[in-house]
Undergrad: 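If you scroll down you'll find the structure; I have some questions about it.
All values reported here derive from a predicted model rather than from experimental measurement.
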Amino acid sequence: MQPELAVPACGGNKTDSFADFFRVVFAIIEGEIRKLLHDPLEMLARVVQPAVWLLVFAPVFSSLRQIPTGGIRYQDFIAPGILAQGVLLLSVVYGINVLFERDMGLLQKYLASPASRGALVLGKALSAGVRNAPQVLVIYALAAIISAKVRWNPLAILAVLLLVILGSALFCSLSLVVACLVKNRERFMSINQALTVPLFFASSALYPVALMPTWLRRLTYLNPLSYLVDGLRSAMLSQARSAYGLKVDFAVQVCGLAVLVLLAARLYPRVEY
Amino acid sequence: MSQQSAQELSGPGDATDLQSTGTTPPAIETMALTRRFGSLTAVNSMNLTVPTGSIFGLLGPNGAGKSTTIKVLTTLLPPSSGTARVAGLDIIKQPRAVRSHLGYIPQAVSAEGVLTGYENMQIFAKLYGVHHSVRKERIDEALNLLSLSEFAQTQVKKYSGGMTRRLEIAIALVHRPPLLVLDEPTVGLDPTARRAIWERLHALRDQNNMTILITTHQMGEAEGLCDQVAIMNRGEIAALGPIPELKAALGPDATLDDVFIAHTGSTIEEGGFADAARTRRTSMRRE
Ligand SMILES: Nc1ncnc2c1ncn2[C@@H]1O[C@H](COP(=O)(O)OP(=O)(O)OP(=O)(O)O)[C@@H](O)[C@H]1O
Ligand SMILES: [Mg+2]
């Protein structure tokens with residue numbers, strides 16, 4: 001074995017560094033998929049939660065009182081909301097992994113490699129998306145079981161899948177930012193809870209925005225989850241109409257993700273300090 | 001590592017620097033390197049030169065600043081003041097080049113237990129930019145070198161402590177770095193596993209002229225492995241040199257333990273598992 005360098009570390013032209021960036025992103029995603037394949041039980045947990053919500057709670061909620069959903073059956077109305085909830089809850093805890101990885105030595109190994117920090121963070125964020133993607137399947141299956149009025153158009157399903165991946169990545173990078181700031185698991189858990197509850201309730205996941213008091217309604221405009229729910233609902237349900245427009249919903253996810261990844265990439269190496 | 005490739009790595013400005021001195025830069029050179037954590041000075045104005053092709057040991061009691069030194073050299077922590085060069089590359093100005101230049105094995109376990117040995121190697125081969133045309137070959141080569149080929153497809157959580165450590169070394173070799181940095185490479189391992197690691201490290205130095213920097217607080221390890229040591233105490237270098245010289249300076253019958261006690265005022269704890277578990281997890285020692 002001759003010592004030699006595999007990478008011309010600093011140099012390289014623009015296209016090279018572009019390729020390097022995405023090679024790292026995909027290496028991280030691939031690693032996460034492989035982890036999932038070694039541990040399929042984890043998948044099961046992700047199936048049970050939305051099923052319970054949709055099959056048990058939805059009928060209870062809808063019988064309690066009449067919720068004005070614009071002519072959409074309440075079970076149908078909250079199906080995309082439950083998908084969004086799954087995306088939020090499972091992504092927002094993802095950041096704690098970075099603290100576990102630090103306490104092992106994995107984070108140090110990642111950071112001691114020449115890989116771009118942005119690529120490492122985006123890889124982690126999109127991995128959360130990939131991990132949540134099977135939920136789309138679950139929700140559609142459940143929707144079929146409760147015979148919801150679903151758009152079975154492949155493009156619409158693709159839009160739902162993309163939104164789930166983007167939304168997961170967005171909330172995962174938010175959670176990475178929190179983890180890198182608090183640096184400690186206990187504080188991470190408590191801050192996370194303080195963050196998740198308002199994100200969830202200041203969105204139209206469970207009830208229409210029209211039902212909210214004005215101040216809460218204003219907050220929904222600042223909440224990326226509102227746009228995710230809006231996008232998921234309008235893409236998934238044949239009777240639903242988008243409040244912001246699907247393009248806006250996508251744009252908010254992409255821009256929010258970009259900002260949070262940039263921020264997380266700055267903070268990521270500091271977890272070690 | 002040749003001077004030529006060091007030049008390729010550094011910017012044009014530095015290349016002329018290297019040419020003007022006309023010699024291969026040392027593997028590591030620290031210049032008044034200092035790292036503070038709040039009011040605590042973990043590494044205090046350290047000046048150290050590690051020659052290319054040597055196995056160099058940083059010795060010291062718990063908390064002496066060994067890991068901190070290594071984290072600064074591997075660009076994981078920025079220095080508070082001073083700087084260091086790795087093969088002539090500045091850790092502050094050329095951090096990415098420094099990173100490509102070294103393989104690092106942290107004090108804590110740094111492999112994914114759920115993944116197989118091969119999958120772990122694959123991730124890092126990609127992070128280090130090992131070209132796909134040679135990726136498999138390099139991974140096989142490194143696994144073979146550490147006698148792990150037959151366990152390549154086994155999940156790492158089923159590995160023994162010694163195998164895990166060997167895998168971590170294999171991972172660190174996948175991009176063929178000229179410098180290997182190991183933080184407490186054999187802590188928690190039984191004597192056989194420890195000796196196996198020493199043999200591999202010796203072979204890497206002898207056959208590939210690699211420079212190897214290790215930290216340890218086990219005298220036996222320093223004696224069995226290192227050409228030169230620096231004894232650290234409270235962030236400073238208390239003694240430096242080849243082990244026989246350090247011993248001779250103290251008297252004809254002095255052991256390395258004596259040297260250590262003379263320079264640090266403390267004895268080395270050579271504890272059992274509890275000690276190993278604790279020291280391999282010092283990274284968890286945060287508020
Ligand atoms: N991130 C950190 N924040 C605050 N203090 C730190 C941090 N990392 C290390 N220290 C402190 O710096 C000092 C040196 O720590 P370091 O880990 O470098 O010691 P060490 O020589 O590697 O010890 P050990 O043998 O236990 O691994 C210790 O007092 C430690 O508590
Ligand atoms: Mg240490």
Undergrad: Could you have a look at A/Ala115, A/Ala27, A/Ser113 and say which one has the most heavy-atom pairs with chain B under 4.5 angstrom?
TA: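 Greatest number of close heavy-atom pairs with chain B: A/Ser113.
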
Undergrad: Contact between A/Glu30 and B/Gln122 at the side-chain level, heavy atoms closer than 4.5 Å - yes or no?
TA: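 With C-beta onward as the side chain, the pair touches.
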
Undergrad: To the nearest 0.5 Å, what is the distance between CG (A/Leu111) and CG (B/Leu77)?
TA: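 Nearest 0.5 Å value for the CG-CG distance: 10.0 Å.
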
Undergrad: Checking heavy atoms, do the side chain of B/Ile171, its backbone, both or neither come under 4.5 Å from chain A?
TA: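 Both parts, backbone and side chain.
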
Undergrad: When you measure from the side chain of A/Arg23 to the backbone N and O of B/Lys126, does any donor-acceptor pair fall under 3.5 Å?
TA: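 Yes, the answer is positive, given that a donor and an acceptor are paired below the 3.5 Å cut-off.
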
Undergrad: Specify which of B/Pro95, B/Ala172, B/Pro78 makes the most heavy-atom pairs with chain A at under 4.5 Å.
TA: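 The residue among B/Pro95, B/Ala172, B/Pro78 with the greatest pair count is B/Pro78.
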
Undergrad: Within this structure, what is the NZ-CD1 distance for the pair A/Lys35 and B/Ile123, rounded to the nearest 0.5 Å?
TA: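 So the gap between those two atoms works out to 7.0 Å.
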
Undergrad: For A/Phe22, what residues pass the ring-ring contact (aromatic ring centres under 6.0 Å, His included) criterion, not counting sequence neighbours?
TA: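 In terms of ring-ring contact (aromatic ring centres under 6.0 Å, His included), with neighbours along the sequence ignored, A/Phe22 is linked to A/Phe18.
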
Undergrad: Tell me, out of B/Thr75, B/Thr74, B/Leu76, who's got the most heavy-atom pairs with chain A below 4.5 Å.
TA: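 Sorted descending by pairs with chain A, the first entry is B/Leu76.
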
Undergrad: Answer yes or no: is there a side-chain heavy-atom contact under 4.5 Å between B/Glu119 and A/His38?
TA: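 Yes, at least one pair of side-chain atoms sits under 4.5 Å.
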
Undergrad: Check each atom of A/Tyr110 against the heavy atoms of chain B and say whether the ones under 4.5 Å are side chain, backbone, both or neither.
TA: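 Both parts, backbone and side chain.
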
Undergrad: Is A/Leu120 close to chain B through its backbone or its side chain, or both, or neither, when contacts mean heavy atoms under 4.5 Å?
TA: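 For A/Leu120, the side chain is the part near chain B, not the backbone.
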
Undergrad: About how many Å separate CD of A/Gln108 and CD1 of B/Ile105, when rounded to the nearest 0.5 Å?
TA: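 The CD atom of A/Gln108 is 13.0 Å from CD1 of B/Ile105, to the nearest 0.5 Å.
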
Undergrad: Look at the side chain of B/Arg96 and the backbone N and O of A/Pro114, then say whether any donor-acceptor pair between them is shorter than 3.5 Å.
TA: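 The answer is yes, because a donor-acceptor pair under 3.5 Å joins these two groups.
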
Undergrad: Nearest 0.5 angstrom please: A/Ile28 CD1 to B/Leu127 CG, how far?
TA: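 Answer for the CD1-CG pair, A/Ile28 versus B/Leu127, is 5.0 Å.
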
Undergrad: Counting heavy atoms not belonging to B/Leu40, are there more than 12 under 6.0 Å from its CG?
TA: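 It does: B/Leu40 CG has more than 12 such atoms within range.
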
Undergrad: So which of A/Pro269, A/Ala112, A/Gly31, A/Gly123 has the largest heavy-atom pair count under 4.5 angstrom toward chain B?
TA: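 Heavy-atom pairs under 4.5 Å are most numerous for A/Ala112.
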
Undergrad: Is the positively charged end of A/Lys109 above the ring of B/Tyr104, judged by distance under 6.0 angstrom from the centroid and angle within 45° of the axis?
TA: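 Geometry flag: not set, cation outside 6.0 Å or 45°.
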
Undergrad: In terms of heavy-atom proximity below 4.5 Å to chain A, should B/Ala111 be classed as side chain, backbone, both, or neither?
TA: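 The backbone, not the side chain.
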
